[in-house]
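The next block holds one structure in the form of C-alpha cells; read it before the comments.
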Amino acid sequence: MAKYRYLPMTEDDKQAMLKTIGIDSTEELFEDIPEKVRFRGKLNIKDAKSEPELRKELQEMADKNIHTKSHVSFLGAGVYDHYIPAVVDHVISRSEFYTAYTPYQPEISQGELQAIFEFQTMICELTGMEVANSSMYDGGTALAEAVNLSAGQTRKKKVIVSKTTHPESLEVIQTYAKGPGIEIVEIAHQNGVTDLEALKEALDEDTAAVVIQYPNFFGQIEPLKEVKSIVSDYKKTMMIVSSNPLALGYLTPPGEFGADIVVGDTQVFGIPAQYGGPHCGYFATTKKLMRKVPGRLVGQTTDEEGRRGFVLTLQAREQHIRRDKATSNICSNQALNALASSVAMTALGKKGLKEMAVMNMHKARYAKAKLEEAGFTIAYNGPFFNEFVIQLNQPVKEVNQKLLNKGMIGGYDLGRADSRLENHMLVAVTELRTKAEIDQFVKELGDIHG
Amino acid sequence: MANIHQKDFPVIFELSKEGRTGYSLPELDVPEADLSEGLEESYIRTSEPDLPEVSELQMMRHYTALSKRNHGVDSGFYPLGSCTMKYNPKINEDVARFEGFSHIHPYQDEDTVQGALELMYDLQTSLAEITGMAEVTLQPAAGAHGEWTGLMMIRAFHEANGDTKRTKVIVPDSAHGTNPASATVAGFEAVTVKSDERGLVDLEDLKKVVGEDTAALMLTNPNTLGLFEEHILEMAEIVHEAGGKLYYDGANLNAILGYARPGDMGFDVVHLNLHKTFTGPHGGGGPGSGPVGVTEELKPFLPKPILAKKDGKYSFDHDRPQSIGRVKPYYGNFGINVRAYTYIRTMGPDGLKQVSEYAVLNANYMMRRLQEEYDLPFKQHCKHEFVLSGKKQKKLGVRTLDIAKRLLDFGYHPPTIYFPLIVEEALMIEPTETETKETLDEFVDAMIQISQEAKEDPEVVQEAPHTTVVKRLDETMAARKPVLRYIKEKG
C-alpha cells in the first residue's frame, strides 16, 4: 500500500495508533472542520509521478532554458557569473546543515551557530564595519530594512536615494517605505554617478539617511568620501551604502568612509544565479546601532565548563520576543546561502578575494578598451569595477537576440528601467570570461552594429 | 579553571597560515590595465580583509566537523512545533541543481527561460488550487515576508476604497510573533484577541475588538495550539461585516492539505511557507519561500510583475497600476520554489491528502500517549501538532527548559518551548507525517522517562544535557557583553 516513499505509515501501525487514540478512522480527527468548509473533492493538480519519470520530465523542463553554462554571458546588473569553488556545494550539501532549523537549541547547533559567527566576522572584515548580522533575504530587502531602520532611529521621515542604485532595490525601498510612511526622494545622476549638487539641495534637517550604491548600478565607483562630507553637515543623517562585497577586495570599504549601515548581496561568493534567488543579503553596521539591527545575531559565550560556544543573542530585538515592537518582522533568513558564501570567502582567502576582484577589473577594462577601439561609445567614463555602459544604435533586446544566435547572452537593457537609456547596454565582465570570449563578443557586437 | 583553549573548537580564522591557498583562478589572459586610473588614491583599499588562508582539505575538515556539531532532520527526530520539520527529499536537491535551473539569470530574455517560467506558473497554479485562492505570487522570500506582503495588499485595498481609518490588525494571543511584527512593519497597530478555555479564538472578545478601524484579522488555522478554529465561518462573517479582511498564516497548512482550503473558509489573503509544508529545506534558518494567494477582489494589488500565460507562452506582466509594487528584486526564491514543485509533483493530490492524514494521526497518537504523564491543557483532538504543559514537572523543580535539554541526551531535537505564550511551561510537539511509529514510540518513551526522572532524580534533568559537545551556554553573558565577531588574540 505504501505508494509514497516519504510516508512510512503501514496499515498495522495505523490500526494500532487509531486504537490508542480510541477512534475507528482518521476521518474522526477531522470532524472539527465544519462540513461547509470541508473539501470533499480531489485537488485539481497533476497526479503523482515516480522518481525516474519526474526526474526526466523536470530535466526536460530545465533543458528548455538557456543558461550561463550553455552560453557565454556578459549579463550582470546585480547578479553575476563567478567562480564557485567545488567545496562550496559539498559543504552545503551536508544535510546536518541543510535539514536543520534555526539554531534555537545551541547545544546541538554549534556547527550552524559557529558558521554564522564566522560569516559575521568575514562581512565585518570586508565592509570595515563593527557588527554584521546572520543574513537577510537579499541585497534589495536588506537595503529597504536599512532605510526603515534609519527613519526609526533618527525619527525623521525622509530618505534620499541616488538613482544610481539598483532599480529593483529602489522599487523594494518604495514598497517598504509605505509602512512607516517614509518619503523617498530620488536624486538624479550625472555622467553615471550621483549628482552631488542635487544631493546637497535635497538634504535637510528632516533627512534620515542618504542611500548610495558603491560601485553603483552602472558599475561606476561613487565618490563616497565626498558624499560623507556632504552628509556630515547634518549630524543625525546616516549614510547607507549598498556594496558588491567582491568589489571591496580592491576598493576602500564603506566603513572607512564613515558609513552607518552597509548592505549588499553575497551572491558573488559561491551562490549560483538561480533566476534571481535565493541569494543572500548582508547587513553590517556600527556598534552604536547593534541593538537596532534586524534579524538574527550570533554571539560568542562559554558553557558551564568554560568552553567557547555560540548562541543566538540580543534576541530582545526580534519578533518572537518583542512581537509588534520588534526591529523587523524577519524570521527565516538565508542561513544556508550565508554558509555557501562563507565557504567561498574561506576558499578565496584574503589573497584570492583581492586577486578575483582585480581580475574582474582587468577583464572589464580590456573589454571596454576593445569596444572603444571597435568604435563603440562608452556612456560613462569614470572609474568603474566590472561593469560599464555602451551605447548601441538599435534596441538592446534586438542586439541580444542576435548575440544569442552566436551563443552569447548579452548585457542588461538599461532601457528597461529608464526610457532615457534606451539603446544602452550594461556590460558585465567577470573573471570567468576569457580573452577569446571577450574578443568574440566585441566582434559580434561590431558585426551587429554594422 | 583548566586551560580552556585546549578544549575550544577552532574557528576557521585560527587555522589560517600565511601562504596557504584554497582557491584556483586562471592566469590573467588580458593585458594588465592601470586600475587606479581616474581613481583617487583614498579609494584603493590598503587594509587587507583578514580572511582565512587554508587549504582545501583543511576547509573540508573544518566544515565537516562543524556539520557534526549540528542536528538536522537527517540526523534524528526533530519534533519542533510550528516548524514542520519533515524529511527533505533528495530528488528536490538534485533538480534544483540542474544547470538549466541553477544557472539562469533573472534578466535573460523571457524566451530563453520558458522552462523555468512554466515551472513557476504550474507551481503558482497548483498552490492556488491547494489553498482555494484565485491567484498566487511567488515573489515573497519567506513566511514573514509573505505576511507583510499580504498586509500591504490589504492596506492598498482599503486605501483604494478611500477607507483610510482602518489602522488595526487583530491577532490572537496565540499567534506567531511574526504576525504582530509584520502588522507593525506594514504600518498598522497590532491588537490582540483572546483565546477561550478551549484554546480557540474567543468569539465574544473578537466582536469587541472588531470595528470600523479593523483592517484585518490574522489567523493561523489550525492555530498554534494545533487546534482547528471550528468557528471560522462565524469569525469570517464578523470580520467581513465590519469591513475587514481575513488573513491566513499558512505555517500550519500541513494539517489540512486536501481536507480544507483557506479560500473556502473565507480567507482573503493566504501565505504559505514552502520550506515547511512543501519540503524546501530549512537550511539552518533559511532560505525559505513565502508565496501569497489572494481572492479575485485583491488580485489588482499583487506585487508586480505577475507571471501570466498567453497562447502557450509565459511572460511577466509589469503593467499593474494598482500593485503594491515590488517586495523583492527579481522573481522570488526560485531555487526553493523548484524544490517545492518537485515535491508537489512527487505526491500529487492523493499523496498530499495522505500527508495531512498521517501528520494529524501521528500528532494525536503521541498526544494520547503523553497525556497521562504531562498536563494536556486542551483535550480535543488536535491537528498536526499539540501543546503540553510542563507545569506538573515544574512543581518538582524541573522546568520545561530542563526537559528540552534532557531530550538532547536522547539524540532528539526538543519540541518548541515556551510557545504559545498562553500555555504555562509550553512544549509544542509536531511529529510530521514522515516519521515512523517506532520513532514516535521511542520519543514518547524518552519523554515518559524524563518525567519519571523529574520525580526520582531531578538533578539529572536539571543539569542536562550531559552528552552534547558543549554544556548549557551562558546566554546572559552573550547578551550583556556581546562578542559578535572573531577577534584575533594579540601576541
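For clarity, every value in this text was computed on a predicted model and none was experimentally measured. By convention in this document, chain letters (A, B, ...) are assigned in the order of the sequence lines, proteins followed by strands, and residues within each chain are numbered from 1.
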Heavy-atom proximity to chain B below 4.5 Å, by part of A:R296:
side chain
Please state whether the side chain, the backbone, both or neither of B:S16 comes within less than 4.5 Å of a heavy atom of chain A.
neither
Is B:E40 paired with A:K225 through a side-chain N to carboxylate O contact shorter than 4.0 Å?
yes
Interchain contact, A:E318 with chain B, by part (heavy-atom threshold 4.5 Å)
neither
Can you find a pair of side-chain heavy atoms, one from A:S70 and one from B:E99, that are under 4.5 Å apart?
no
Counting only non-hydrogen atoms closer than 4.5 Å, does A:L297 touch chain B with its backbone (N, CA, C, O), its side chain (CB onward), both, or neither?
side chain
So which residue, B:P49, B:G288, B:G335, B:S47, ends up with the most heavy-atom pairs under 4.5 Å with chain A?
B:P49
Heavy-atom proximity to chain B below 4.5 Å, by part of A:P180
both
Has B:D8 got a side-chain atom pairing as donor or acceptor with A:R308's backbone, closer than 3.5 angstrom?
yes
Is A:E125 paired with B:R485 through a side-chain N to carboxylate O contact shorter than 4.0 Å?
yes
Select one option (side chain, backbone, both, neither) describing which atoms of A:L58 are under 4.5 Å from chain B's heavy atoms.
both
If we count only N and O atoms by modelled type, under 3.5 Å, do the side chains of A:T26 and B:E357 hold a donor and an acceptor together?
yes
Side chain, backbone, both or neither: which part of B:Y87 has a heavy atom under 4.5 Å from chain A?
side chain
A:S332 side-chain N/O to B:P287 backbone N/O, donor-acceptor pair under 3.5 Å:
no
Under 4.5 Å from any heavy atom of chain A - which part of B:Y78
side chain
Look at B:E118 together with A:K64 and state whether they make a salt bridge at an N to O cut-off of under 4.0 Å.
yes
Need one label for B:L408: side chain, backbone, both or neither, based on atoms under 4.5 Å from any heavy atom in chain A.
side chain
What residue among B:H413, B:H282, B:H71, B:H275 forms ring pair (Phe, Tyr, Trp, His ring centres under 6.0 Å) with A:Y101?
B:H282
With only heavy atoms counted, which part of A:T102 is less than 4.5 Å from chain B, the side chain, the backbone, both or neither?
both
With a 4.5 angstrom heavy-atom cut-off, could you sort out which part of A:R55 is near chain B: side chain, backbone, both or neither?
both
For A:K363 and B:D29, run salt bridge (Lys or Arg N to Asp or Glu O under 4.0 Å): C-alpha distance rounded to whole Å, both residues' side-chain angles, the deciding distance at 0.1 Å, then the answer.
CA-CA 8 Å; A:K363 298 224 173 185; B:D29 61 354; 3.0 Å; yes
Heavy-atom distances under 4.5 Å only: say whether A:F97 touches chain B with side chain, backbone, both or neither.
both
Could you tell me whether the side chain of A:K351 reaches within less than 4.5 Å of the side chain of B:Y23, counting heavy atoms only?
yes
